[in-house]
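Working notes, beginning with the structure itself.
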Amino acid sequence: MKITELLDLKGIELGVKVNSKAEAIDKLVDLMVATGKISDRAAYKKGILAREALTSTGIGEGIAIPHAQVEAVKKAGLAAMTVPDGVDYESLDGQPAKLFFMIAAPADGGNTHLQALAKLSALLMDEDFREKLMNARTPDEFLHEIDLKEAQKDAEDAAEAAKPAQGGYRILAVTACPTGIAHTYMAAENLTKAGDALGFPLKAETNGSEGIKNALTAEEIKNADGIIVAADKKVEMARFDGKPLLSVPVTEGIRHPEDLIKKIENGQAPIYHADASESDSASSSEGVGRGFYKHLMNGVSHMLPFVVAGGILIAISFLVDTHGAGSTFGTGTPAAAWFNAVGNVAFGMMLPVLSGFIAMSIADRPGLAVGFVGGLMAKSGMTFADPTAAKVAATPGFLGALLYGFVAGWIVLLLKKAFKGLPKSLEGIKPILLYPLLGVFLMGLFASAINPFMGIINGGLSTFLKNLGNYGIILGVVAGGMMSIDMGGPFNKAAYVTATGLLADGNYTLMAAVMAGGMVPPLAIALSTTFFKNKWTEEERNAGLVNYVMGLSFITEGAIPFAANDPAHVIPSCVVGSALAGGLSVAFHCTLRAPHGGIFVIATIGNWPMYLISILLGAIVGCLILSFWKKAPATK
């Protein structure tokens with residue numbers, strides 16, 4: 001697929017004047033929508049803003065390439081514009097952005113278009129080419145310049161492919177960004193060019209949306225002077241054991257490729273040791289806090305599908321059961337019993353999966369088995385005195401699984417260091433025998449010794465929460481408000497994960513407060529755009545309608561595009577509304593057995609009429625604060 005096949009004349013505008021990054025994004029989104037390749041403008045823009053939240057796509061040299069790969073894209077496409085006066089796009093070099101390409105990639109649209117997008121990213125590294133695009137007078141001329149440059153690039157690539165295979169590379173690189181659409185290939189292109197210019201042949205492996213391309217071989221790694229990993233997501237690192245290695249953000253590969261290459265050749269790169277796993281690099285480049293959060297989120301992200309699926313299936317068991325089932329409610333009919341059993345099987349995987357994937361994030365694959373065992377022991381509560389856990393009063397539960405996940409990872413790291421000196425002939429038995437056997441044994445010793453204490457802590461916490469009475473309202477206010485502070489970020493996740501963990505221990509009150517708080521932001525914005533139309537643009541009013549569905553579905557992120565455009569007014573208003581909804585939910589003794597689903601799991605909600613009132617009051621208060629506080633948009 002050619003680059004120009006992704007561009008439509010309707011999606012190109014030259015000589016544009018915009019005053020801010022937000023205006024630039026809005027203009028590009030409008031151009032993309034005009035091409036007919038977007039099914040949902042608000043959802044597509046949400047994807048664009050989510051990518052910008054990771055790091056600015058203003059890569060420097062006057063270029064910005066905002067992009068998103070989401071369900072709202074019907075067909076892959078590009079939109080482009082030039083801004084001769086430039087605009088502050090928070091670019092990595094601090095300079096104004098003048099040349100914009102916005103990428104729309106379908107979530108499941110194959111890989112053909114990705115090859116064209118990768119090529120475009122590489123072409124934009126040519127200063128002369130950028131200048132020609134900026135000087136184009138019409139969209140047709142703009143397309144013509146791209147056609148010429150692409151043909152030239154294809155000819156160069158063909159000539160390069162016809163050359164004899166490279167005898168060896170002095171330096172190797174791996175590039176990767178979270179979406180794998182643009183930055184991945186730009187970094188690879190710049191590093192390769194810089195290597196050629198400095199006389200150090202360089203090969204770059206790309207970890208893009210279409211998978212790994214130009215993969216590094218074991219022989220190349222063995223013979224290379226050093227490795228550059230320019231990546232913002234996890235890549236396979238064990239293969240680089242013992243090699244000088246620089247690990248930097250992907251943007252460094254774009255902006256400072258020469259500096260990275262010189263550091264390798266000047267011997268300034270530290271030796272990478274795979275046995276130290278990623279915890280060593282995390283402590284130096286990420287900090288302890290970020291490393292802890294990364295490991296925790298790896299466990300949580302793998303755990304949530306089990307919790308959501310299991311919780312909703314259990315919820316269905318109550319929905320299809322007869323209300324006269326009494327103490328057997330949820331299993332009183334064959335259908336209810338089946339849903340309840342399957343749901344509990346899925347739900348029962350929550351703790352081992354959480355613990356296992358925390359350990360895997362710390363110690364790579366050898367940590368997985370040890371972490372799973374730790375999670376299962378947290379679930380059972382077994383001790384030395386009671387191996388069958390027949391008389392255990394309270395199990396370690398969620399808190400135990402969290403602790404054992406980290407401990408399992410550290411145990412495997414220690415084993416890796418302990419067996420580092422084994423002969424190479426015994427390397428094969430370490431991952432299949434030594435690590436799992438000794439790791440599980442040590443995990444068993446640790447968990448059996450700690451389980452009684454963790455059980456006391458977990459049991460005490462559960463009792464404390466059950467006996468809070470009116471003081472529990474404060475907890476509901478705090479947890480509900482946290483759902484709106486960053487709408488999917490660390491505060492939001494902390495509240496949700498805590499409530500989910502308590503749900504596994506039979507506490508359903510906080511889960512109700514958290515979901516109520518998470519439903520409020522989209523609903524508050526939807527109400528405001530409906531009843532206070534003068535405070536919103538026509539585009540925002542149309543997008544606001546979607547938030548009714550997102551709010552009722554407990555998709556807090558529906559509020560993100562509005563919060564990104566006006567955080568000073570939107571976020572505080574939503575926090576107040578969410579806190580009110582969370583507090584009222586606890587005050588009315590509402591409970592929730594399913595960790596997701598919004599209004600669609602109402603059958604699992606205890607005291608559902610007052611729960612709906614809590615959410616409605618929170619949304620109304622948030623709407624009123626926002627609507628009276630927010631300034632009306634400037635008229636054109």
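Remark: Glu52 engages Lys21 in a salt bridge (charged side-chain N to carboxylate O under 4.0 Å, His left out) (not counting sequence neighbours). In this structure, Asp85 has no side-chain hydrogen bond (donor to acceptor under 3.5 Å, both in side chains) partners at least two apart in sequence or on a different chain. Listed by chain and number, the residues in a side-chain contact (heavy atoms from CB on, under 4.5 Å) with Leu245 are Ile227, Val229, Met237, Phe240, Ser247, Tyr272 (sequence neighbours excluded). Remark: Asp128 engages Asp126 in a side-chain contact (heavy atoms from CB on, under 4.5 Å) (not counting sequence neighbours). Under the side-chain hydrogen bond (donor to acceptor under 3.5 Å, both in side chains) criterion, Asp196 pairs with no residue at all, not counting sequence neighbours. Considering only residues two or more places apart in sequence or on other chains, Phe142 meets the ring-ring contact (aromatic ring centres under 6.0 Å, His included) condition with Phe101. With sequence neighbours excluded, the residues forming a side-chain hydrogen bond (donor to acceptor under 3.5 Å, both in side chains) with Thr537 are Glu540, listed by chain and number. Remark: Ala230 pairs with Thr175, Val248 by the side-chain contact (heavy atoms from CB on, under 4.5 Å) rule, at least two apart or across chains. For Asp26, the side-chain hydrogen bond (donor to acceptor under 3.5 Å, both in side chains) criterion is met by Lys45, not counting sequence neighbours. Among residues two or more places apart in sequence or in another chain, the side-chain contact (heavy atoms from CB on, under 4.5 Å) test is passed with Asp140 by Leu9, Thr138.
A salt bridge does not link Lys37 to Asp8: none of the charged side-chain nitrogens sits closer than 4.0 Å to a carboxylate oxygen. Of the charged side-chain nitrogens involved, at least one lies within less than 4.0 Å of a carboxylate oxygen, so that Glu205 and Arg239 count as a salt-bridged pair. The pair Lys2-Asp147 meets the salt-bridge criterion, with a side-chain N (NZ, NE, NH1 or NH2) lying under 4.0 Å from an Asp/Glu carboxylate O. Looking at Lys149 and Glu145, no side-chain N of the basic residue comes within less than 4.0 Å of a carboxylate O on the acidic one, giving no salt bridge.
A distance-only check finds no donor-acceptor pair linking the side chain of Thr57 to the backbone of Ala64 [under 3.5 Å]. Listed for the Asn214 side chain is a donor-acceptor partner under 3.5 Å among the backbone atoms of Ala204. For the pair Asn547 (side chain) and Met550 (backbone), a donor-acceptor distance under 3.5 Å is absent. For the pair Ser56 (side chain) and Glu90 (backbone), a donor-acceptor distance under 3.5 Å is present. Judged by distance alone, with hydrogens and angles left aside, the side-chain atoms of Lys203 form a donor-acceptor pair with the main-chain N or O of Ala215 at under 3.5 Å. Under a 3.5 Å cut-off, the side chain of Ser578 and the backbone N or O of Gly517 do form a donor-acceptor pair. Side-chain atoms of Arg541 come within 3.5 Å of backbone atoms of Trp536 as a donor-acceptor pair (strictly under, hydrogens ignored).
For the residue pair Ile25 and Met102, the shortest heavy atom distance occurs at O-CE, 4.0 Å. The shortest non-hydrogen separation linking Leu202 to Tyr169 is C-CD2, 3.6 Å. Taking both residues in full, the closest heavy atoms of Ala526 and Gly544 are given as CB-O, 3.4 Å, listed atom of the first, atom of the second, then distance. Considering all non-hydrogen atoms of both residues, Ile615 and Ala516 come closest at CG1-CB, 3.8 Å. Residues Lys98 and Met134 approach most closely at O-SD, 3.6 Å, considering heavy atoms. Residues Val18 and Glu23 approach most closely at CA-OE1, 3.7 Å, considering heavy atoms.
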Let me have the donor-acceptor pairs involving side chains of residues 74-84, under 3.5 Å, with sequence neighbours excluded, atom names and distances please.
unit_1, atom_1, unit_2, atom_2, d
Lys74, NZ, Gly36, O, 3.2
Thr82, OG1, Gly15, N, 2.9

Between side-chain atoms of residues 619-632 and protein atoms elsewhere (two or more places apart, or another chain), which donor-acceptor pairs fall under 3.5 Å?
unit_1, atom_1, unit_2, atom_2, d
Ser627, OG, Ser528, OG, 2.7
Ser627, OG, Cys623, O, 2.7
Lys630, NZ, Asp566, OD2, 3.3

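From Gln268, atom CD reaches atom CG of Leu246 across 8.5 Å, with rounding to the nearest 0.5 Å. Here the straight-line distance linking atom CD of Glu150 with atom CZ of Phe129 works out to 9.0 Å at 0.5 Å rounding. Taken from NE2 in His67 to CG in Leu28, the straight-line distance is 13.5 Å, to the nearest 0.5 Å. Rounding to the nearest 0.5 Å gives a distance of 11.0 Å between CD of Glu141 and NZ of Lys132. Taken to the nearest 0.5 Å, the CZ atom of Arg130 stands 12.5 Å off from the CG atom of Asn135. The distance from atom NZ of Lys263 to atom CG of Asn266, rounded to the nearest 0.5 Å, is 10.5 Å.
For the pair Ile221/Leu172, a side-chain contact is recorded, criterion being any heavy-atom separation below 4.5 Å from C-beta on. Contact of the Tyr44 side chain with the Asp40 side chain is not registered, since no non-hydrogen atoms from C-beta on lie closer than 4.5 Å. Looking at heavy atoms from C-beta onward, Val87 lies out of side-chain contact with Pro96 at the 4.5 angstrom threshold. In this structure, Glu127 and Glu61 have side chains that are not in contact, with every pair of non-hydrogen atoms separated by 4.5 Å or more.
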Task: Residue pair Ile571, Ile485: steps toward the side chain to side chain contact (heavy atoms under 4.5 Å, CB included) verdict - done: CA-CA 6 Å; Ile571 293 178; Ile485 291 176; 5.6 Å; no
- [ ] Test Ile228 against Val174 for side chain to side chain contact (heavy atoms under 4.5 Å, CB included), laying out the working first.
- [x] CA-CA 6 Å; Ile228 298 169; Val174 180; over 6 Å; no
- [ ] Assess whether salt bridge (Lys or Arg N to Asp or Glu O under 4.0 Å) is satisfied between Glu220 and Lys243, documenting all intermediate values.
- [x] CA-CA 12 Å; Glu220 289 167 344; Lys243 301 295 295 187; over 6 Å; no
- [ ] Show your reasoning for whether side chain to side chain contact (heavy atoms under 4.5 Å, CB included) applies to Val70 and Val73.
- [x] CA-CA 6 Å; Val70 292; Val73 178; 3.9 Å; yes
TODO: Decide yes or no on side-chain hydrogen bond (donor to acceptor under 3.5 Å, both in side chains) for Tyr89 and Ser20, but give the supporting numbers first.
DONE: CA-CA 7 Å; Tyr89 200 82; Ser20 66; over 6 Å; no
TODO: Begin from the C-alpha positions of Ile171 and Glu265 and carry the test side chain to side chain contact (heavy atoms under 4.5 Å, CB included) through to its verdict.
DONE: CA-CA 9 Å; Ile171 300 174; Glu265 290 303 321; 3.5 Å; yes
